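Since this is a predicted model, take the numbers as computed values, not measurements. Counting begins at 1 with the first residue of the sequence.
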Amino acid sequence: PSDEDDVLSNTLATLDNVILAAECIEFSGNDCNKWLLPVFNNSFAAANIYVDNGVARSVPGEINGVKSLSQAVSEKYLNSKLELKEKNYVYFHRGYLKIPFYKLLEQDFNKSLVEDKIVLIGATADDLHDDKITPIGVLSGVEIHANAVQSITSHKSLEYQTKSSVILFLIIASIGTAAILYFLSL
C-alpha cells in the first residue's frame, strides 16, 4: 500500500458514518460463494443489485448475513434496525445532485449541499460500465442505490402484485370500459 492508502485507511478508521461497498461475485442460488471485499478494514455492505429479465428493479435485504448497501445506509440514516425482504423493489425517479469527484478533491463546491445529507460516492462514467437498465432508463449503480435508499427511508418501496389482485383489477377495468362504451353509444 502507498502512503496515500495509509492516510485514507486512517481517516476511514476515525469515521463512523462511512460504509464501503462489497460485492458478491459468485452465487450458488441465493448464497454467495465469493466476495469482492474492500481493502480497508471498515464497515462494508453488499452493493449487489438484482436484475430480472435484463432490468434492474430491486436490491437484496441481505446476502449471507451481509446487509445490502441500501439497507446499511438507510439504517445509519434512520438510526434504527430495519427488517427488509429478500428482494426489495425500488421506486425509481431521477434528479439526484451529482458533484464531480475532482470538485470534491479540490473542495470546489457548496458544502451546504451535502451537509447533513446522505452522500453516496460512486462511478457514473459510461466507460466504467457500472450501469443497468431500469424501468426509467439506464442508471449507474450508485443512482440505483440512491433510489433504493430513498425508497427505504421514505417507505415507498414497491410491492409485487399478486395474481388475484391483477385479475380483480382487469375485471373491474373491463366492466368500467364496457359501461363507458355502452353509455357513449346511446
Are V114 and L120 in one and the same hydrophobic cluster, where Ile, Leu, Val, Met, Phe, Trp and Tyr link if side-chain heavy atoms are under 4.5 Å apart? no
Determine whether Y77 and L15 fall in the same hydrophobic cluster, where Ile, Leu, Val, Met, Phe, Trp and Tyr are linked whenever their side-chain heavy atoms lie under 4.5 Å apart. no
What distance do E83 atom CD and E75 atom CD have between them, rounded to the nearest 0.5 Å? 8.0 Å
Please check if the number of heavy atoms outside F27 that lie under 6.0 Å from its CZ is greater than 12. yes
Kindly check if the number of other-residue, nucleotide or ligand heavy atoms within 6.0 Å of NZ (K34) is above 12? no
Report yes if the side chains of I121 and V142 come closer than 4.5 Å at any heavy-atom pair, otherwise no. no
Intermediate values then yes/no, side-chain contact (heavy atoms from CB on, under 4.5 Å), K67 and I19: CA-CA 11 Å; K67 293 178 183 176; I19 301 166; over 6 Å; no
Does a sphere of radius 6.0 Å around CD in Q107 hold more than 12 heavy atoms from other residues, nucleotides or ligands, not counting ones at 6.0 Å or beyond? no
Rounded to the nearest 0.5 angstrom, the OG-CG distance for S43 and N17 is 10.0 Å
Is it the case that the side chain of S151 and the backbone of Y91 share a donor-acceptor pair, with hydrogens and angles ignored and the cut-off at 3.5 Å? yes
Closest contact, heavy atoms only, T14 versus T11: OG1-O, 2.6 Å
Nearest non-hydrogen partners of A46 and V66, listed with the distance: N-CG1, 3.8 Å
Result for side chain to side chain contact (heavy atoms under 4.5 Å, CB included) between I152 and one of V90, N88, L84, V73 points to L84
CA sep, side-chain torsions, deciding dist, call: Y96, Q150, side-chain contact (heavy atoms from CB on, under 4.5 Å): CA-CA 11 Å; Y96 292 101; Q150 181 143 4; 3.0 Å; yes
Distance check, rounded to the nearest 0.5 Å: S28 atom OG versus N33 atom CG? 5.0 Å
Rounded to the nearest 0.5 Å, how far apart are CD1 of I99 and NZ of K111? 10.0 Å
Are L104 and L113 in one and the same hydrophobic cluster, where Ile, Leu, Val, Met, Phe, Trp and Tyr link if side-chain heavy atoms are under 4.5 Å apart? yes
Okay, side chain of T162, backbone of S165: is any donor-acceptor separation there less than 3.5 Å? yes
Can you see which heavy atom on F109 is nearest to which on K103, and at what distance? CD2-O, 3.6 Å
Counting distance only, does the side-chain N/O of N147 pair as donor-acceptor with the main-chain N or O of I144 below 3.5 Å? no
Verify same cluster id: W35, I25 (apolar side-chain graph, 4.5 Å): no
Hydrophobic side-chain clustering at under 4.5 Å (ILVMFWY, transitive links): who's grouped with I133? Put none if nobody. V55, V138
Could you tell me the separation between the CG atom of L139 and the NE2 atom of H93, rounded to the nearest 0.5 Å? 10.5 Å
Distance-minimising heavy-atom pair for A22 and L37: CB-CD2, 3.8 Å
Does K81, at its NZ atom, have more than 12 non-hydrogen atoms belonging to other residues, nucleotides or ligands within less than 6.0 Å? no
Side-chain donor/acceptor of E23 to backbone N/O of A47, under 3.5 Å: no
With no hydrogens and no angle check, is any side-chain donor or acceptor of H145 less than 3.5 Å from a backbone partner on E143? no
Taking CD in E26 as the centre, count heavy atoms belonging to other residues, nucleotides or ligands within less than 6.0 Å. Is the count above 12? yes
Contact summary for F40 and S9, nearest pair of heavy atoms: CD2-CB, 3.5 Å
Test log, rule side-chain contact (heavy atoms from CB on, under 4.5 Å), inputs I171 and I175: CA-CA 6 Å; I171 290 170; I175 292 170; 3.9 Å; yes
Going by heavy atoms in the side chains, are S70 and V149 under 4.5 Å from each other? yes
Which distance, rounded to the nearest 0.5 Å, do you find between the CD of E86 and the OH of Y50? 5.5 Å
I63 and L69: same hydrophobic cluster, using ILVMFWY side-chain contacts below 4.5 Å? no
Might you work through the side-chain contact (heavy atoms from CB on, under 4.5 Å) test for L20 and L12, ending with a clear yes or no? CA-CA 10 Å; L20 299 178; L12 289 174; 4.2 Å; yes
Is a side-chain donor or acceptor of S68 paired with a backbone partner of P60 at a separation under 3.5 angstrom? yes
Please name the pair of heavy atoms, one in S140 and one in A123, separated by the smallest distance, quoted to 0.1 Å. CB-O, 3.6 Å
